[in-house]
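Here is the naming used below: chain letters follow the sequence lines, and residue numbers restart at 1 for every chain. Treat the numbers as computed from the prediction; the structure is a model and nothing was measured.
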Amino acid sequence: MSITPMVKAEAVHKSFGRLEVLRGIDLEVSPGEVMCMIGPSGSGKSTFLRCINHLEKIDCGRLSVDGELVGYRERGDKLYELPDPEVCKKRSEIGMVFQRFNLFPHMTALENVIEAPMRVKKESRAVAGQRARKLLQRVGLADKVNVYPNQLSGGQQQRVAIARALAMEPKLMLFDEPTSALDPELVGDVLDVMRGLAEDGMTMVVVTHEMGFAREAGDSLVFIDGGIIVESGTPRDVLANPQQERTRSFLSKVL
Amino acid sequence: MLVLLLVAQVVYTILVEAGLKWDVIGHYLFQRLVLGGIVVTLELTVLAMIIGVALGIILAVMRISPNPVVSWVSWFYIWFFRGTPVLVQIFFWFNLNLVLPHITLGIAGTPFFWRGPGTNSLITPFLAAVLGLGLNEAAYMAEIVRAGIISVEHGQTEAAQALGMTRLLVMRRIVLPQAMRVIIPPTGNETISMLKTSSLAFVAAVPELFTRGEQISSANFDVVELIFVVSIWYLFMTSILTVGQFYLERYFARGAQRELPQTPIQRLRRILFTFHAPPPAPAELPVSLPSEHR
């Protein structure tokens with residue numbers, strides 16, 4: 001008996017106009033797994049991440065989360081795009097953290113976190129607020145509840161963004177270069193929060209340049225270049241003993 | 001200096017040489033008919049702006065819809081209502097009964113047909129003016145709102161979508177509130193402009209401020225005096241609106257600026273109640289000055 005993979009990609013293709021960004025990605029992420037994706041910029045790793053919650057449409061191939069296709073319905077042997085409300089329902093089960101945080105600037109930290117639970121899940125302010133306070137405490141920002149994002153540092157903003165995503169109680173978390181826009185001394189706090197999540201058994205797909213994080217917290221590592229998976233395996237193997245020439249040349253530049 | 005001289009000359013001409021009957025201006029400034037006209041002007045302005053803003057938002061959201069039919073309808077509306085003079089539009093609604101004596105719904109000759117009341121009993125001169133001004137305003141507001149929506153960073157939409165919010169929810173809760181900062185200043189201008197444009201309701205014989213002034217002056221021939229009365233009131237009302245706009249902009253700036261601009265009252269209070277300590281008295285010269293200079 002096999003368990004349903006949390007993410008399953010089969011020959012996922014994606015083009016922007018003439019530019020083919022993804023040229024057939026196959027991978028599986030099991031529940032509880034932390035998968036890190038590395039690769040040069042423009043390699044398609046962020047695009048693939050955005051396909052997982054249908055922020056980008058895929059051109060061909062199949063992509064499913066927890067056994068269900070994302071953004072499409074299969075009828076016969078054809079895929080039909082789902083209407084907006086159903087895509088939204090699916091997305092609400094997948095948390096996403098962005099490189100540029102994208103907190104809502106007109107709302108306080110607490111309001112950012114309770115917004116989606118209240119509007120999408122129709123939770124009461126009391127229930128959503130209680131969970132939000134717990135989450136903000138967990139990311140170390142219990143004292144910043146009523147502060148607007150522009151009064152927070154980048155690292156603090158990113159931790160609020162993580163709390164905001166967690167507030168929807170997702171079964172999968174996507175991280176799109178969560179520390180790339182941060183000052184070096186603020187990276188640690190964000191990575192600590194992510195490490196804590198990984199230890200608690202959250203399924204995570206992390207696009208990152210933090211090789212240290214990938215080595216310690218990652219269960220698997222995927223190196224993407226030119227829209228295909230060049231190499232994958234455990235972080236230890238891939239980082240210490242890369243088999244492909246392209247992986248070697250990339251790692252020699254970043255390590 | 002030359003400018004001051006010119007200003008003095010103009011003021012002198014108005015006050016002394018023009019032979020204005022100041023007592024007439026004073027009398028009519030608070031006359032019952034004039035005050036009634038102000039109320040109608042304000043009603044026209046408020047109602048037309050409500051229609052303009054509400055319909056403008058709907059049109060703007062339609063305009064950026066992925067559905068081409070919806071987007072095209074909005075484009076056509078804006079093209080039509082922005083492309084014809086508002087005076088003509090008011091006149092059209094005012095004379096609608098000439099071509100459409102009854103309000104009807106459905107297709108004539110089928111059971112699905114409803115014949116409503118006479119057009120003139122429904123579209124009063126006042127309503128004709130409100131429709132003309134409001135529907136025209138909506139076309140302009142739609143472009144203002146669209147500019148505001150475009151000004152909001154796309155990452156905001158993505159973050160909200162990633163949380164599972166539907167397109168309308170994203171618009172209502174995330175994008176529009178942030179777009180307000182860009183939308184409010186030109187909307188203030190539009191409101192001030194509307195207050196004055198409402199005088200075009202004159203052609204539909206709506207008893208607003210300018211119409212009242214005209215009616216009075218056609219009876220007593222104090223034309224310029226009444227123009228003064230009407231102008232003073234328009235100036236007064238636009239001034240009030242300018243102040244209101246400041247506070248609205250301040251409200252929607254929260255989260256965008258670290259410190260909100262001070263209100264005039266706050267500024268006054270700060271000037272009155274901040275005591276500046278006198279500058280410290282020059283300290284005694286240190287004893288350890290190099291002795292060579294002595």
Side-chain angles (χ1 to χ4, degrees), chain A residues 49-50 52-56 71 81 83-109 111-122 147-152 157 160-161 164-170 172-176 181, chain B residues 57-58 61-71 145 147-185 187 247-262:
Chain A
L49 200 71
R50 293 157 57 83
I52 296 180
N53 67 354
H54 202 57
L55 281 181
E56 303 285 358
E81 189 165 14
D84 189 48
E86 288 182 54
V87 176
C88 288
K89 193 159 175 292
K90 193 76 200 160
R91 282 200 192 114
S92 70
E93 301 167 354
I94 305 170
M96 184 155 188
V97 175
F98 298 84
Q99 183 178 355
R100 306 261 355 142
F101 331 134
N102 295 346
L103 287 182
F104 306 135
H106 57 305
M107 299 180 180
T108 63
E111 287 167 345
N112 263 280
V113 180
I114 63 175
E115 178 67 16
M118 280 179 64
R119 303 283 163 179
V120 178
K121 282 184 159 179
K122 313 282 181 205
V147 169
Y148 283 99
N150 65 0
Q151 292 160 321
L152 296 170
Q157 288 191 47
V160 173
R164 177 176 70 177
L166 290 176
M168 291 298 283
E169 303 182 312
L172 168 67
M173 283 285 283
L174 309 174
F175 291 85
D176 188 4
Chain B
I57 292 174
I58 293 172
V61 174
M62 283 170 70
R63 187 84 179 78
I64 54 173
S65 160
N67 183 331
V69 176
V70 171
S71 164
V145 173
I149 290 174
I150 293 171
S151 77
V152 178
E153 202 205 338
H154 190 60
Q156 293 289 311
T157 305
E158 289 194 337
Q161 283 179 332
L163 287 164
M165 295 170 81
T166 58
R167 203 174 287 131
L168 275 181
L169 202 53
V170 174
M171 200 41 87
R172 191 163 63 81
R173 294 288 306 170
I174 307 301
V175 176
L176 280 179
Q178 294 183 61
M180 280 302 172
R181 213 156 36 87
V182 174
I183 294 173
I184 291 286
T187 305
Y247 283 94
L248 258 182
E249 281 179 31
R250 193 171 177 276
Y251 175 76
F252 281 105
R254 73 196 197 287
Q257 279 160 301
R258 289 189 184 207
E259 207 169 323
L260 293 174
Q262 287 186 325

task: Could you tell me the separation between the OG1 atom of Thr157(B) and the CG atom of Asn102(A), rounded to the nearest 0.5 Å?
output: 9.5 Å
query: Considering only heavy atoms from C-beta outward, does the side chain of Arg50(A) approach that of Glu158(B) to under 4.5 Å?
result: yes
task: Salt-bridge test for Glu153(B) and Arg100(A): reply yes if a basic N is under 4.0 Å from a carboxylate O, no otherwise.
output: no
task: Looking only at non-hydrogen atoms, find the nearest pair between Asn53(A) and Ala162(B) and report the distance.
output: ND2-CB, 3.8 Å
task: Check whether any side-chain heavy atom of Pro105(A) lies under 4.5 Å from a side-chain heavy atom of Gln156(B), and answer yes or no.
output: yes
pair Arg181(B)-His106(A): side-chain heavy atoms closer than 4.5 Å: no
task: Working to the nearest 0.5 Å, report the span between OG1 of Thr166(B) and NZ of Lys89(A).
output: 14.0 Å
- prompt: Residues two or more places apart in sequence or in another chain: which of them pass side-chain contact (heavy atoms from CB on, under 4.5 Å) with Ile150(B)?
  reply: Arg146(B)
message: Quick check for you: among Pro177(B), Ala160(B), Gly164(B), which has the greatest number of heavy-atom pairs under 4.5 Å with chain A?
response: Gly164(B)
- request: Name the option with the most non-hydrogen atom pairs under 4.5 Å to chain A; the candidates are Arg173(B), Gln178(B), Met180(B).
  value: Arg173(B)
query: Taking all non-hydrogen atoms of both residues, which atom of Ala159(B) and which atom of Phe104(A) are closest, and how far apart?
result: CB-CE2, 4.2 Å
- prompt: Which answer fits Leu103(A), side chain, backbone, both or neither, if we ask what part of it has an atom under 4.5 Å from a heavy atom of chain B?
  reply: backbone
task: Against chain B, label Glu115(A) side chain, backbone, both or neither, depending on which of its atoms sit under 4.5 Å from a heavy atom there.
output: side chain
field: With sequence neighbours excluded, residues passing side-chain contact (heavy atoms from CB on, under 4.5 Å) with Pro170(A)
entry: Met173(A), Met202(A)
- line: Val120(A) and Leu169(B) have their tightest heavy-atom pair at CG2-CD2, 4.3 Å
message: Can you tell me how far apart CE (Met165(B)) and CZ (Arg119(A)) are? Round to the nearest 0.5 Å.
response: 7.5 Å
- request: Measure distances from Leu55(A) to the heavy atoms of chain B and classify the residue's part below 4.5 Å as side chain, backbone, both or neither.
  value: side chain
